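Keep in mind that this is a model prediction, so the values were computed, not measured. Chain naming here is simple, since letters A, B, ... match the order of the sequence lines and numbering starts at 1 in each.
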Number of protein chains: 2
Amino acid sequence: MEDKLLKDLFLGFIKVHILHHAAKERIYGQEFSEELQRHGYQISYGTLYPLFHKLEEQGYLKSENENVKGKVRRYYTLTKSGNKILEKAKLQAKELVDELYEE
Amino acid sequence: MEDKLLKDLFLGFIKVHILHHAAKERIYGQEFSEELQRHGYQISYGTLYPLFHKLEEQGYLKSENENVKGKVRRYYTLTKSGNKILEKAKLQAKELVDELYEE
DNA sequence: TTGACAATATCGAATTACGATATTAGATTT
DNA sequence: AAATCTAATATCGTAATTCGATATTGTCAA
């Protein structure tokens with residue numbers, strides 16, 4: 001992400017994408033971060049983990065620890081209210097993009 | 001914008017929308033802010049004006065003062081490099097939204 | 001020359017993002 | 001069973017943003 005403008009755009013989306021992925025399957029930090037990188041995006045763990053915490057505090061995600069090969073993972077899934085805000089966010093995002101292309 | 005998540009999403013877009021509008025016509029802070037409000041969005045002047053300054057510093061906008069009925073306005077227009085980054089940002093934004101809807 | 005006003009600019013406090021470092025806890029090795 | 005290893009999570013101090021409030025600018029009208 002060469003330019004700060006593009007990075008900020010991405011950062012605005014990051015929470016929405018977290019919820020979006022958590023809606024499809026259980027996610028955890030490490031894997032989510034790697035998936036982003038595969039798509040050419042990047043976010044610091046110092047940003048990502050606090051984001052997960054905050055989304056859980058707000059009631060959009062819920063989490064459970066699980067041991068996988070002796071390592072602890074914190075899996076997150078979407079809550080009902082998380083799904084509600086996700087749908088709102090998708091609409092808003094679409095609206096904002098559409099305006100960039102219409103006219 | 002009831003929810004912080006939605007607001008952050010919007011804030012990620014704000015610079016792109018500034019450039020987008022400046023591409024269509026000369027814009028200035030007060031008017032741009034009012035136009036946002038008409039669309040249900042809102043941004044503090046303490047955020048907006050420094051953003052204009054930064055976008056100009058980075059060479060994406062250029063500005064000129066103009067007197068309108070005895071009041072000074074700073075009009076901004078898009079530069080060539082501003083247009084370049086705008087096109088990149090539009091593509092990225094579309095990509096990010098598309099992923100929320102596909103699958 | 002002082003008031004009034006639209007618009008822009010800037011301030012201090014609170015929040016956020018970053019990279020780096022520390023912590024966790026089960027598995028493996030000795 | 002103590003020590004070591006390791007994937008993953010958590011946290012730290014610093015720098016950068018965002019906010020609402022306040023200050024400043026520059027021209028016209030009285």
Starting at [atom1] of [X] and ending at [atom2] of [N], how long is that distance when rounded to a whole Å?
X: B:Tyr45; N: D:dA23; atom1: OH; atom2: P; value: 18 Å
X: A:Leu61; N: D:dT9; atom1: CG; atom2: P; value: 13 Å
X: B:Phe13; N: D:dT17; atom1: CZ; atom2: C1'; value: 19 Å
X: A:Glu66; N: D:dT9; atom1: CD; atom2: C1'; value: 15 Å
X: A:Glu64; N: D:dA8; atom1: CD; atom2: P; value: 16 Å
X: B:Phe10; N: D:dT17; atom1: CZ; atom2: C1'; value: 15 Å

Sub-4.0 Å heavy-atom contacts from residues 46-55 of chain A onto DNA chain D, ordered by number: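 A:Gly46, A:Tyr49, A:Pro50, A:His53, in order of number.
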A:Lys84: side chain to side chain contact (heavy atoms under 4.5 Å, CB included) partners, not counting sequence neighbours: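 For A:Lys84, no residue satisfies side chain to side chain contact (heavy atoms under 4.5 Å, CB included) once neighbours in sequence are set aside.
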Indicate yes or no for a side-chain donor-acceptor contact from B:His21 to the backbone of B:His17 under 3.5 Å, with no hydrogens or angles considered.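 Checking the backbone N and O of B:His17 against the side chain of B:His21, a donor-acceptor pair under 3.5 Å is found.
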Donor-acceptor pair, side chain of A:Gln92 and main chain of B:Leu6, under 3.5 angstrom: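 The answer is yes, because a donor-acceptor pair under 3.5 Å joins these two groups.
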Below 3.5 Å, can you tabulate the donor-acceptor pairs from side chains in residues 48-61 of chain A to any protein atom, sequence neighbours excluded?
unit_1, atom_1, unit_2, atom_2, d
A:Glu56, OE1, A:Ser63, OG, 3.1
A:Glu56, OE2, A:Ser63, N, 3.0
A:Glu56, OE2, A:Ser63, OG, 3.0
A:Tyr60, OH, B:Asp3, OD2, 2.3

Counting primed atoms, P, OP1 and OP2 as sugar-phosphate and everything else as base, the B/S/- map of nucleotides 24-30 of chain D against protein heavy atoms under 4.0 Å is --BBS--
Are A:Tyr75 and A:Glu66 close enough, and set up right, to give a side-chain contact (heavy atoms from CB on, under 4.5 Å), and what steps lead you there? CA-CA 7 Å; A:Tyr75 277 108; A:Glu66 189 168 319; 4.0 Å; yes
Of the non-hydrogen atoms in B:Thr77 and B:Arg26, which two are nearest, and what is the gap between them?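 Scanning both residues completely, I find the closest heavy atoms to be CG2-CG, 3.4 Å.
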Could you list by number each residue of residues 25-39 of chain A showing a heavy-atom separation from DNA chain C of less than 4.0 Å, or answer none if no residue does?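 Output list: empty, so none.
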At less than 4.0 Å, is any side-chain N or O atom of A:Lys4 found next to OP1 or OP2 of D:dT17? Yes or no.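 For D:dT17, OP1 or OP2 has a side-chain N or O of A:Lys4 closer than 4.0 Å.
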Terminal contacting nucleotides, 5' and 3', DNA chain C versus chain A (heavy atom, 4.0 Å):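 Contact span on the strand: C:dT16 to C:dA27.
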